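Each remark here refers to the structure printed beneath this line.
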Amino acid sequence: MAARTGTAHVVTTVRKYKDRVYRTHLLRRSYREGGSVKNETLGNLSHLPDDLVDIIRRALQGETFVALGQAFEVLRSRAHGHVQAVTTAMQRLGFASLIASKPCRERDLVLTMVASRILAPHTKLATTRWWHTTTLAEEFGVAQANENDLYAAMDWLLQRQNTIQKKLSARHLREGGLVLYDLSSSYFEGTTCPLAKRGYSRDGRHGTLQVNYGLLTDARGCPVAVSVHEGNTSDSLTFMPEVRRLRQDFGIEQMVMVGDRGMISQKAIDEMRGFEGIGWITALKSASIRVLIEQGQLQFGLFDERNLLELSSPEYPGERLVACRNPELAKLRAHKREELLAATEINLAKIKAKVASAKLAGQDKIGVQVGKIVNQYKVAKHFVLDIGEHAFAFQRKYESIAAEAALDGIYIIRTSVSAAQMDASDCARNYKSLANVERAFRSIKTIDLKVRPIHHRLADRVRAHIFLCMLAYYVEWHMRETWRDLMFADPDQEAKATRDPVAPAKRSNVALTKIATHTLPDGTAAHSFSTLLNELATIVRNTCRTPHAGADATTFDVITSANPKQKRALQLIQQINV
C-alpha cells in the first residue's frame, strides 16, 4: 500500500462544561485517499503551554524560527525619552526661530546646549562627552562638535541676545501689564574675570568672588530678559536701566514694575515719575513703617477686624499705601528672633567664661571676638555690651526687642497705581508675585539648571552662560506648567486670583493629597520635574543589525515602548502653546 502523504496542522477545540472552559489541541494530518480527503490524529498537544502550541502551529504553516541572538544584535543603546520631551517642547515654542530665523550650525549648537542644560547641566567639555549617551547630539546634528565649537556658538548667541529678548518681550509682555524684576548672584571659581567682585552673597558664600544678574519676567514668572552686573553692584543701581530698556529697546510704553523694598529706591521712584505710563509696586522698609506708627498714621487697632487696609501719608504724595498684617508671619519672626538671640547669648557666654578665666584679655581682643559673635546673626542692636580690659558683660535691650517685635507680621506695600486700575487686594497679590522670580532663581541656581559655580574667565562668556541658563529656564518653565498634573505642583492656579492676599498661601486639597501620599489621583506615582525626566529617560533608542553581516550591514532602530505615564507626559508636551 502506498505511503500516506498530506499536510500536518494543529486543530484547537473549545468546550464549556460546568462553568469551566476546556481547550484541546490536536496535531492532525490531512491526506487524500481514493479521491476523498481524510484526517488522521497524530498526537494530543493539550498538555503543552499555549505559547508553545502557537509556535508549532506557525512552524507547520512554514515560518522559520531562529534564536533571538541570531536574529539581530544591539550595537548601542541611548537614552531618548527625555530628549524627545525637551525637543518637542522647543518645537511647540518655536524656539529655533526665536534664536535665529534661518537655520545655521551655530543655532543648532545653541539649541543643543539649551536642551543639555535642562537634561544634565555640565561644563561645556563634559557636555560634549555626555550627549553621546543620549540621542540629543544626533537629533540636532552636532555629534562631531567639541567644546571649542560650543564656546564659539556662545559668542554668536551673545551678539543676538537683545534681538532674542525683544522677541520674548513681544510674546509675553503687554502694554499696561506687570513686569517683575529681581536680582541674584552666583559665585565664581577663579579670580581673573573682570565681572567677579566681592559683594553681598545670596549664596551664603561670604568672601568669594561673585557676579550679579537681574531677571525680568511677566506676572507668571515666565522669563523675558536677563542682565549681568559686577558682583559688587547694588540692587537699586540695576533697576532703572531695566526700565529704560523696556521702553527704548522692547517698546513697552506702559507698564507696572514690581520690585522688592531694596530694589526700587526713592531715587528710582523720582525718576519714574518723569515717565508717563510707568507705575510701580514695592514695599516700605521697617524704618519707614516705624515712622508711620510713631506719627500715628498707622495704628495697630485698625488690624483688630481685618488684615489689610489702605492709607495715605503726606510723606508719599500721589501714592497709595496698603498695610497688611499676617499673624502667622508674626509668630514665625518672633520665633526666629528668639532663636537668634539665644544662640548669640550662648556664644557670648563662652567669651565671658574665657575672660573670667584670664584666657582672653585686652579690650581690643575681646571686642574683636564679641563683634564676630553679635554680627553673625545680625542682632548686635539688641544687646548692651560692656567690654573692659579684663571684664566682659552683656544683656539684652528689651526695649529694642519690643520695638522690633511690634512690627512683626506687618508690611506696607507702596504703589503709584490708582485704585481704579488695581484694588488694594490685587496690589498685595501682585507684590507677592515676586515669589515667581525667586522660584526662577532657585531653579536656575540650584535645583535643575545649576548656573553656579561659574568657571568662565571672560566677561562675555559669563554673560552668554547666564543667558543660556535663562533660555533653558524659559523652556523648562513651560514644561513645568504643562506637567503640573503629573508632579507635586498645585494644579489649581486660578485660586491665586481670589484667595486672601495676606493670609499664608495654602495648597489645594488635590496638592496636599499628592504630597501626603506621593501619588496622583489615579493612584500612580507623583513626580518632581527631575524624576519625571528620569522616568522618560528609560525610553531608549536601540541601534540594531543582523549579526555576522559585516561592518557595512544596514542598521535599524528599535525604541522602547512607552508606559502609560510616559505616554501621558509626552502627550501633554504636545499641548504647549505660546
Side-chain angles (χ1 to χ4, degrees), residues 183-192 196-212 230-236 260-262 285-291 293-294 326-411 438 441-442 445-446 452-454:
L183 193 77
S184 191
S185 62
S186 291
Y187 62 91
F188 266 87
E189 294 291 345
T191 60
T192 59
K197 306 290 182 182
R198 284 185 173 85
Y200 172 65
S201 176
R202 296 162 180 83
D203 297 333
R205 300 290 293 265
H206 303 294
T208 59
L209 297 177
Q210 65 177 30
V211 62
N212 290 345
E230 293 182 351
N232 58 358
T233 306
S234 65
D235 294 13
S236 59
D260 64 27
R261 65 198 72 195
K285 295 182 178 180
S286 298
S288 299
I289 297 175
R290 188 172 292 109
V291 170
I293 294 174
E294 292 172 352
N326 185 336
E328 296 301 320
L329 179 60
K331 293 178 183 178
L332 179 64
R333 287 183 175 174
H335 179 72
K336 182 67 173 179
R337 183 189 304 105
E338 181 57 34
E339 281 189 334
L340 297 178
L341 290 172
T344 301
E345 285 179 324
I346 291 173
N347 292 331
L348 289 177
K350 293 178 181 178
I351 295 179
K352 184 177 180 179
K354 286 184 179 181
V355 174
S357 63
K359 294 182 179 179
L360 180 63
Q363 189 174 19
D364 292 342
K365 292 183 179 180
I366 297 173
V368 170
Q369 295 294 320
V370 170
K372 292 179 180 179
I373 297 301
V374 296
N375 289 319
Q376 182 178 5
Y377 301 122
K378 306 295 187 289
V379 292
K381 59 185 176 182
H382 295 322
F383 284 97
V384 176
L385 306 173
D386 185 7
I387 303 174
E389 287 294 323
H390 302 285
F392 170 59
F394 65 91
Q395 63 179 1
R396 293 188 182 187
K397 289 183 180 179
Y398 291 100
E399 291 183 0
S400 171
I401 295 172
E404 183 177 276
L407 300 180
D408 284 349
I410 295 178
Y411 56 95
E438 295 170 0
F441 281 135
R442 285 197 298 273
K445 293 169 66 172
T446 58
R452 64 186 187 190
I454 298 172

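Just so it is clear, the structure is predicted and the values come from calculations on it, not from any experiment.
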- Message: With a 4.5 Å cut-off on side-chain heavy atoms, are Asp408 and Arg337 touching?
- Response: yes
- Item | Flag side-chain contact, heavy atom, 4.5 Å: Leu209 against Arg198 | yes
- For residues His390 and Ala361, report the shortest heavy-atom separation together with the two atoms involved. ND1-CB, 3.8 Å
- Task: Using the side chain to side chain contact (heavy atoms under 4.5 Å, CB included) rule, take Phe383 and Leu348 through it: C-alpha gap first, then chi angles, then the decisive distance, then the call.
- Result: CA-CA 11 Å; Phe383 284 97; Leu348 289 177; 4.3 Å; yes
- Determine the minimum heavy-atom distance between Ala380 and Asn375, stating which atoms define it. CB-OD1, 3.9 Å
- Item | Salt bridge Glu345-Arg396, side-chain N to carboxylate O under 4.0 Å | yes
- Note on the structure: The residue among Arg333, Lys381, Arg290 that forms side-chain hydrogen bond (donor to acceptor under 3.5 Å, both in side chains) with Glu404 is Lys381
- Query: To the nearest 0.5 Å, how far apart are CD1 in Ile387 and CD1 in Ile351?
  - Reply: 8.5 Å
- Message: Does any part of the side chain of Asn212, heavy atoms only, come nearer than 4.5 Å to the side chain of Tyr200, both counted from C-beta?
- Response: no
- Check: Thr344 main-chain N/O paired with Gln376 side-chain donor or acceptor under 3.5 Å: no
- Say whether, by atom type as modelled, one donor and one acceptor occur between the side chain of Gln210 and the main chain of Gly231 under 3.5 angstrom. yes
- Message: Please check this pair: side chain of Asn347 against backbone of Ile373, looking for a donor-acceptor N/O pair closer than 3.5 Å.
- Response: no
- When rounded to the nearest 0.5 angstrom, what is the spacing between NZ in Lys397 and NE2 in His382? 9.5 Å
- Message: Is it true that, when you exclude Lys354 itself, more than 12 heavy atoms of the residues, nucleotides or ligands shown sit nearer than 6.0 Å to its NZ?
- Response: no
- Task: Look up atom CG in Asp260 and atom CG in Asp235, then write down how far apart they are to the nearest 0.5 Å.
- Result: 6.5 Å
- Please tell me if the side chains of Leu332 and Glu328 come closer than 4.5 Å, counting only heavy atoms from C-beta onward. no
- Task: Return the minimal non-hydrogen interatomic distance between Ile289 and Tyr411, and the atom names on each side.
- Result: CD1-CA, 4.1 Å
- Note on the structure: Tightest non-hydrogen contact, residues Ala343 and Tyr377, listed as CB-CE1, 3.8 Å
- Closest approach of Phe392 to Val355 (non-hydrogen atoms, all atoms of both residues): N-CG1, 4.0 Å
- Message: Between His335 and Glu338, is there a side-chain heavy-atom distance shorter than 4.5 Å?
- Response: no
- Measure the shortest side-chain to side-chain distance between Thr233 and Leu183 over non-hydrogen atoms and say whether it is less than 4.5 angstrom. no
